[in-house]
**Student:** 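Sharing a structure with you now.
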Amino acid sequence: VLDSSGNIKFIIEHLQDITERKQIEERNKFLAENMADIVWLLDKNLKTTYASPSIENILGFTPEERKKQTIQEMLTSESLENVMETLTNELELDKQEHTNPSRSIKIEVEYLHKEGHTVWMENVVKAIRDEKGEFNGLYGSSRDISDRKRVEKALKEMVQEKEVLLQEVHHRIKNNMTIIKSLLSMQKNIADEKPSKEVLQSAENRITNMMVLYESLYQNDNNSNCIL
């Protein structure tokens, strides 16, 4: 402040304590750099505007490299199709009354790694909206579920192998029963005495009943509901 002669009379200083703000910025930076999940933002054209540093550990790309990629360069063709279909359905859902604009969805996506292989990730996704509530982009987090996917694949293969084995056993048992029934029928036809024919017919009937019962058990997943 100057006096009437233009000389400096005193100086007003304005000091602001930014310690807390700096601490928050440093904490957020620490969390972004050390979290296991990838946090990301996409604009309405599905271009990446932000990716947390953890993306490099999981997918091999730096955040800056990610920003230069198109959505087609991020995903396998099958996952891309699934993502676009899901996005279309969600945008259609926005047009309906009483739809929650703050809803989130989970979607499993197969991402392309920088080294050429793929990484399965579970994404929790929410829409970014403008002041009118219109769709303006997406934000979310992605978690590596590759181990879970490998276990699921192994279990699926085990179930398929079991089904193939059961089918083979089923055909063999069915064929053996058919052969036994045919042999009993042939023996019955050449038998001379009536008691012999009756015994053979009874045995043949029992084999027929066993075949019907076995087929019923095989076709019915819940054996407790099988009518004997």
Side-chain angles (χ1 to χ4, degrees), residues 18 20-95 99-161:
I18 61 171
E20 184 177 356
R21 189 180 71 188
K22 291 292 291 183
Q23 289 176 342
I24 293 174
E25 290 176 352
E26 290 175 1
R27 182 185 62 191
N28 291 341
K29 181 181 178 182
F30 175 81
L31 291 173
E33 290 177 348
N34 291 278
M35 67 173 59
D37 297 352
I38 301 173
V39 177
W40 47 264
L41 297 172
L42 303 180
D43 63 19
K44 61 183 178 181
N45 297 316
L46 304 184
K47 287 287 291 182
T48 302
T49 58
Y50 172 80
S52 60
S54 52
I55 188 173
E56 189 168 5
N57 294 330
I58 300 173
L59 296 176
F61 299 102
T62 66
E64 291 305 314
E65 288 174 330
R66 194 55 151 189
K67 292 178 183 178
K68 298 176 183 179
Q69 293 177 317
T70 64
I71 190 71
Q72 290 83 0
E73 294 173 316
M74 300 179 191
L75 313 175
T76 63
S77 57
E78 185 175 347
S79 282
L80 176 62
E81 183 178 348
N82 184 28
V83 166
M84 298 310 295
E85 182 180 352
T86 301
L87 179 59
T88 299
N89 292 339
E90 290 298 317
L91 292 176
E92 287 297 320
L93 190 60
D94 276 349
K95 299 176 183 179
T99 299
N100 181 8
S102 300
R103 67 188 183 278
S104 64
I105 64 168
K106 283 187 178 182
I107 181 171
E108 295 181 0
V109 174
E110 191 175 15
Y111 285 91
L112 299 173
H113 193 280
K114 188 175 183 178
E115 294 181 356
H117 60 275
T118 61
V119 179
W120 275 100
M121 306 196 75
E122 181 182 71
N123 299 268
V124 180
V125 187
K126 295 187 72 172
I128 300 172
R129 301 185 184 277
D130 59 21
E131 61 277 3
K132 296 181 181 179
E134 298 295 326
F135 173 78
N136 200 35
L138 297 168
Y139 72 96
S141 63
S142 303
R143 175 167 296 179
D144 188 348
I145 58 169
S146 298
D147 290 340
R148 192 183 82 191
K149 281 290 186 179
R150 279 191 286 269
V151 172
E152 290 176 353
K153 182 181 179 182
L155 290 174
K156 185 177 180 181
E157 290 174 350
M158 288 174 61
V159 170
Q160 290 175 341
E161 290 175 359

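Predicted, not measured: the structure shown is a model, and the values here were computed from it. Along the sequence shown, residues carry numbers from 1.
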**Student:** Give me each pair satisfying side chain to side chain donor-acceptor pair (under 3.5 Å) with a member in residues 124-137, each pair once, sequence neighbours excluded.
**Tutor:**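 Listed once each, the pairs are Asp94-Arg129.
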
**Student:** Does any pair with a residue in residues 114-138 pass ring-ring contact (aromatic ring centres under 6.0 Å, His included), and if so which ones, sequence neighbours excluded?
**Tutor:**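 As it turns out, the ring-ring contact (aromatic ring centres under 6.0 Å, His included) pairs with a partner in residues 114-138, which skip direct neighbours, are His113-His117.
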
**Student:** Is there a donor-acceptor contact under 3.5 Å from the side chain of Thr99 to the main chain of Leu93?
**Tutor:**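 Yes; judged by distance alone, with no hydrogens or angles, the pair exists.
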
**Student:** Less than 4.5 Å apart, any side-chain heavy atom of Ser54 and any of Asp37?
**Tutor:**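 No, every pair of side-chain atoms sits at 4.5 Å or beyond.
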
**Student:** Rounded to the nearest 0.5 Å, how far apart are CZ of Arg143 and CD1 of Ile38?
**Tutor:**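 The CD1 atom of Ile38 is 11.5 Å from CZ of Arg143, to the nearest 0.5 Å.
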
**Student:** Can you give each donor-acceptor pair under 3.5 Å made by side-chain atoms of residues 77-87, sequence neighbours left out, with the distance rounded to 0.1 Å?
**Tutor:**
unit_1 : atom_1 : unit_2 : atom_2 : d
Ser79  : OG     : Thr76  : OG1    : 3.4
Ser79  : OG     : Glu110 : N      : 2.8
Thr86  : OG1    : Asn82  : O      : 2.8

**Student:** Rounded to the nearest 0.5 Å, what's the gap from CG on Asp147 to CD on Glu152? Could you check?
**Tutor:**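 It comes to 11.0 Å.
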
**Student:** May I ask you to decide whether Lys68 forms a salt bridge with Glu64, counting only side-chain N to carboxylate O separations under 4.0 Å?
**Tutor:**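 Not counted as a salt bridge, because no side-chain N and carboxylate O are separated by less than 4.0 Å.
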
**Student:** Might you work through the side-chain contact (heavy atoms from CB on, under 4.5 Å) test for Thr48 and Met74, ending with a clear yes or no?
**Tutor:** CA-CA 10 Å; Thr48 302; Met74 300 179 191; 3.0 Å; yes

**Student:** Between Thr118 and Leu112, is any pair of side-chain heavy atoms under 4.5 Å apart?
**Tutor:**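 Side chain of Thr118 against side chain of Leu112, heavy atoms only: contact under 4.5 Å found.
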
**Student:** Kindly write out the residues that satisfy side-chain hydrogen bond (donor to acceptor under 3.5 Å, both in side chains) with Gln69, not counting sequence neighbours, or none if the list is empty.
**Tutor:**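 So Gln69 forms a side-chain hydrogen bond (donor to acceptor under 3.5 Å, both in side chains) with Arg66.
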
**Student:** Should Ile58 and Met121 count as side-chain neighbours, where that means a heavy-atom distance under 4.5 Å?
**Tutor:**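 In contact.
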
**Student:** Side chain of Arg103, backbone of Asn100: donor and acceptor closer than 3.5 Å?
**Tutor:**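 Yes: the side chain of Arg103 pairs with the backbone of Asn100.
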
**Student:** With rounding to the nearest 0.5 Å, note down the distance linking CD1 in Ile55 to OG1 in Thr62.
**Tutor:**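 Those atoms lie 8.0 Å apart.
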
**Student:** Can you name the residues that form a side-chain hydrogen bond (donor to acceptor under 3.5 Å, both in side chains) with Asn123, not counting sequence neighbours?
**Tutor:**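 Checked Asn123 against side-chain hydrogen bond (donor to acceptor under 3.5 Å, both in side chains); matches are Tyr111, Ser142.
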
**Student:** Could you measure the distance from the CD1 atom of Ile128 to the OG1 atom of Thr49? Nearest 0.5 Å is fine.
**Tutor:**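 Nearest 0.5 Å value for the CD1-OG1 distance: 6.5 Å.
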
**Student:** Other residues, nucleotides and ligands only: do more than 12 of their heavy atoms fall within 6.0 Å of NZ on Lys67?
**Tutor:**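 Result for NZ/Lys67: enclosed.
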
**Student:** Please confirm whether the backbone N or O of Lys47 pairs with a side-chain atom of Asn45, one donor and one acceptor, at under 3.5 Å?
**Tutor:**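 Between the backbone of Lys47 and the side chain of Asn45 there is no qualifying donor-acceptor contact (under 3.5 Å).
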
**Student:** From Gln160 CD over to Leu155 CG, what is the distance, rounded to the nearest 0.5 angstrom?
**Tutor:**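 Here the rounded value is 11.5 Å.
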
**Student:** Apply salt bridge (Lys or Arg N to Asp or Glu O under 4.0 Å) to Lys114 and list each qualifying residue two or more places apart in sequence or on a separate chain.
**Tutor:**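 Lys114 satisfies salt bridge (Lys or Arg N to Asp or Glu O under 4.0 Å) with Glu65 once adjacent residues are dropped.
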
**Student:** Is the shortest heavy-atom distance from the side chain of Trp40 to the side chain of Leu138 under 4.5 Å?
**Tutor:**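 In short, these two side chains touch, coming nearer than 4.5 Å.
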
**Student:** What pair of heavy atoms forms the shortest contact from Pro53 to Pro63, and how long is it?
**Tutor:**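 Minimum heavy-atom contact is CA-CG, 4.0 Å.
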
